[in-house]
Amino acid sequence: MPDIILYTKNLCKSYAGLQANTDLNIQLIQGEIHALIGPNGAGKSTAIAQLSGELVPSSGSIYFNGKDVTLMPVYERARMGLSRSFQVTSVFEEMSVQENLALAIQAHHGHSFYFWAAIQKNKLLNQQAAELATQFGLLEHLDLAAGALAHGEKRQLEIALTLAGNPQVLLLDEPMAGIGPGGSKELTRLLDGLRGQYSILLVEHDMDAVFALADRISVLVYGELIATGTVQEIRANEEVQKAYLGVST
Amino acid sequence: MIFTMNRKFIFLLIALIVLMALPFVAEAIGESYVISSMTRVLIFAMAAVSLDLIVGYGAMVSFGHAAFVGLGAYVAAILSFHVNEAIPVFNFPFSYDGSNNLLLILLVAMLVAALVAAVTGLISLRTHGIHFIMITLAFAQMLYYLFISLDTYGGEDGLLMQGRNQLPVIDTSDDRSFYFLCLFILAVYIVLALRLVNSQFGRVIQGCKLNEKRMQALGFNTYWYRLTAYIIAATGAAVAGVLLANKTEYVDPGLFSWHLSGELLVMVILGGLGSIYGAVIGAIVYLLLEQILSAYTEHWMFYLGPILIFVVIFARNGLYGLLQKRLNGHA
Amino acid sequence: MLLFIEQVLNGLQLGFMLFLLSAGLTLVFGVMNLINLAHGSFYMVGAYVAATVMQATGSFLLALLVGLIMAGLCGLLVEVIVLRHLYKRDHLDQVLATFGLILFFNEGTRMIWGRQPLFMQVPELFSGSVEILPGIPYPVYRLLIIVTGLLVATGLYLLINHTRLGMRIRAGASNRSMIAALGVNIRWLYSLVFALGALLAGFAGVMAAPLFAVESGMGESILILTFVVIVIGGIGSVKGALLGALLVGLVDTLGRAFLPDLLQWMSASDNANSIAASLSSMGIYLLMAAILAFKPRGLFPAG
């Protein structure tokens with residue numbers, strides 16, 4: 001039995017009578033890249049929002065590192081090492097890239113109730129921000145406002161913010177959205193480089209990226225998980241083909 | 001870059017020299033009332049800076065900031081009232097006779113404001129946007145009515161102080177000394193505020209303003225940071241309130257009014273949100289405009305209103321934004 | 001018991017008055033996303049104009065008509081000249097600009113009508129009292145306010161739920177980009193909604209004129225109550241505004257009427273009276289804080 005770092009038990013979410021997630025049982029194995037796919041409106045974003053803590057489940061529970069985190073607020077999960085990226089790029093547009101990265105790093109340096117010392121002279125923050133920028137190819141843009149970055153670069157910054165505190169689990173919500181085939185390839189390479197270091201739950205529409213990256217795939221249709229398996233198993237699964245792959249290819 | 005820093009530095013130096021020289025000039029030309037009205041400007045500048053800390057940097061648009069000015073003012077008036085009347089403020093668990101010591105009063109005022117801010121903030125900060133504006137207004141209104149009902153302290157008519165609170169060495173009853181005291185406190189407060197917005201805490205507050213959801217996903221418990229900022233701002237306003245009470249030697253429930261909260265907001269927006277100097281400039285310009293207009297016409301508000309509207313529509317980053325363009329030499 | 005019924009009616013009367021003010025304000029918030037601190041100014045304009053016309057002609061109907069037209073016209077002008085430029089701006093800019101408008105209107109009325117408050121007679125037709133229940137006489141004029149409030153509420157309900165215009169307003173309140181996509185002339189729609197709100201505020205002002213002193217700044221004290229109403233009711237919801245208005249009207253009136261006795265009864269302390277007075281003034285704010293603490297977006301959040 002491999003180590004399961006994050007799993008859900010009969011997770012349900014309904015909005016005003018509409019069932020968005022029904023009895024989800026997702027298991028994320030330590031170190032794997034696990035893709036969560038499904039047609040639009042299948043409830044992928046709802047699932048991510050519940051895992052990260054933005055939405056409170058209607059019923060069921062979520063376990064992270066063996067601990068029940070179902071009702072734990074977003075920031076506490078983040079501090080425990082459960083980190084998410086956003087589908088719509090969510091960086092601090094008016095701050096520079098350096099400030100964005102420093103802020104993300106600061107989040108994991110204990111508390112930030114320091115009222116006096118000038119932040120730009122904080123050597124540790126600056127050094128770690130520079131390291132992070134190097135890793136994500138953002139070093140030459142450090143002083144640029146995040147809002148002025150090209151779309152693909154903004155995406156990379158988004159991932160960098162997500163990785164800042166050395167989390168254990170990454171919840172990546174459509175990281176490839178809208179960055180074009182070139183950017184998509186580059187980001188795929190980058191995520192591939194993270195394999196093994198982090199356990200990644202990847203929601204993605206770009207099937208090339210999914211097939212290139214995923215160790216396992218779960219398929220969500222109408223809020224229900226219809227299959228989980230390796231890339232080959234999912235490709236071969238008739239139900240999946242009927243419900244999803246058949247339509248899109 | 002160095003050039004612009006120098007320009008800014010020179011500008012600040014000139015401003016400081018002007019403010020230092022002002023009382024002497026005013027006395028020399030026999031217009032010593034200027035000292036009193038400039039003292040008022042300095043006090044309001046301080047209140048505006050404290051409001052800017054939460055509005056400009058933290059996007060917490062409080063429409064009840066005057067409440068903390070009022071609390072500070074009443075602390076000053078009440079504590080000295082009890083000394084002068086020789087009635088203890090309270091008898092349990094120990095007897096306390098009140099005080100006329102300005103330092104102690106400042107401390108008590110900050111504590112009271114912090115306490116009230118903590119309680120009201122706990123509730124207010126659960127809301128956002130327009131709801132936050134309204135709930136802060138509601139809390140200020142509550143205090144307004146509370147102080148109207150306090151008959152011991154004059155109720156609606158307010159409370160007259162018998163002279164200013166005292167300090168060792170400095171003679172606070174002298175208008176010029178009091179002016180310098182206010183200038184000194186404002187200068188110290190500006191330095192503190194500048195450090196604050198440039199610290200780790202300040203960065204977090206600004207992050208909450210720009211994208212609170214992201215801040216939480218990064219692992220920040222934004223609620224506590226925002227609450228702390230709210231409390232810090234309240235203590236600043238309370239200090240301004242103590243000084244204001246001492247300046248006029250009179251307090252009334254009008255200090256809690258939404259009108260004063262509105263004026264403080266106007267100063268902050270007028271000067272330019274999210275810049276400490278902007279708030280100072282906003283306070284100076286607003287109050288001077290008020291005084292100049294009222295010198296010409298009884299109906300000065302009739303003209304001030306459209307001027308404010310004009311500023312909103314055409315100077316989007318406030319006056320400091322305009323000034324910054326000039327100081328930096330480019331857009 | 002008799003007193004209680006009378007006070008309930010007073011509460012309803014205040015509630016419907018607040019509803020006239022808050023219906024327009026909540027629509028302007030909901031549809032245009034605009035904070036308008038100067039909404040009370042239209043109330044004041046309605047009251048001043050009506051009092052003046054009434055003094056000059058003695059005709060309440062004429063006073064009502066002219067008051068409504070002037071308030072609506074002021075609203076339209078303010079929208080076209082100033083507020084139109086601020087819809088896409090930050091709420092703070094709107095606060096500053098409409099604060100400027102308040103100064104302008106308050107001082108403007110002082111320049112025209114002077115500092116002395118005006119008083120307006122209750123129109124003769126409605127000046128008496130009727131016995132609503134045996135032993136309870138109640139002023140006809142106050143009843144009239146309740147009835148007109150009910151009529152306006154019904155009218156607004158029909159307008160919003162059963163007309164084309166209402167459909168657009170609803171669409172605007174829940175999804176701004178959608179009505180643009182529908183090809184509705186937004187400028188025109190916004191001006192209309194704003195003028196309608198101003199008209200209703202003016203209506204409240206006309207109706208209030210015989211009950212309160214007509215004076216500069218009268219708009220602000222009631223405006224704050226109006227804000228409390230729409231925040232309690234949920235911004236953008238006319239239904240919320242109605243319920244919020246009645247709730248605030250009742251809590252405020254009943255609190256002022258009965259809290260002092262209640263406290264006196266519970267404790268014989270000398271302070272009971274002044275404490276009760278302050279508690280009952282604070283009542284609606286306590287109510288609002290309590291509601292927002294549990295429902296941060298009000299009772300009936302729209303959209």
Under 4.5 Å from any heavy atom of chain C, what part of [X] do you find: side chain, backbone, both or neither?
| X | value |
| --- | --- |
| Ile123(B) | side chain |
| Leu265(B) | side chain |
| Val61(B) | side chain |
| His128(B) | neither |
| Phe310(B) | neither |
| Phe63(B) | side chain |
| Ile313(B) | both |
| Ile133(B) | side chain |
| Leu273(B) | side chain |

Let's test your reading of the structure: which of [options] forms the most heavy-atom pairs below 4.5 Å with chain B?
| options | answer |
| --- | --- |
| Val228(C), Leu286(C), Asn106(C), Asp90(C) | Leu286(C) |
| Met111(C), His85(C), Glu220(C) | Met111(C) |
| Met282(C), Met288(C), Glu107(C), Arg110(C) | Glu107(C) |

Please examine the side chains of [Y] and [X], heavy atoms only from C-beta on, and report whether any two atoms are closer than 4.5 Å.
| X | Y | value |
| --- | --- | --- |
| Ile231(B) | Leu227(B) | yes |
| Tyr48(C) | Val45(C) | no |
| Asp252(C) | Arg256(C) | yes |
| Val193(C) | Glu79(C) | no |
| Leu103(C) | Tyr303(B) | no |
| Leu247(C) | Leu243(C) | no |

Please classify the contact of [X] with chain B as side chain, backbone, both or neither, using a heavy-atom distance under 4.5 Å.
| X | answer |
| --- | --- |
| Ile230(C) | neither |
| Val95(C) | side chain |
| Leu86(C) | side chain |
| Ile284(C) | neither |
| Ile35(C) | side chain |

Problem set entry | Polar side-chain atom of Asp52(B) near backbone of Ala279(B) as donor-acceptor pair, under 3.5 Å |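 No, Asp52(B) side chain to Ala279(B) backbone: no donor-acceptor pair under 3.5 Å.
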Measure the acute angle between the ring planes of [X] and [Y], then classify it against the limits of 30° and 60° as parallel, tilted or perpendicular.
| X | Y | value |
| --- | --- | --- |
| Tyr145(B) | Tyr285(C) | parallel |
| His65(B) | Phe68(B) | perpendicular |
| Phe256(B) | Phe147(B) | parallel |
| Phe104(C) | Phe302(B) | parallel |

Exercise. Any idea which of Met134(B), Glu298(B), His259(B), Glu263(B) has the most non-hydrogen atom pairs under 4.5 angstrom with chain C?
Worked result: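 Of Met134(B), Glu298(B), His259(B), Glu263(B), Met134(B) has the most heavy-atom pairs under 4.5 Å with chain C.
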Exercise. Who among Leu122(B), Leu143(B), Leu270(B), Leu308(B) has the most heavy-atom pairs with chain C under 4.5 Å?
Worked result: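 Of Leu122(B), Leu143(B), Leu270(B), Leu308(B), Leu308(B) has the most heavy-atom pairs under 4.5 Å with chain C.
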Exercise. Can Phe105(C) and Val78(C) be said to form a side-chain contact (heavy atoms from CB on, under 4.5 Å), step by step?
Worked result: CA-CA 11 Å; Phe105(C) 274 105; Val78(C) 162; 3.8 Å; yes
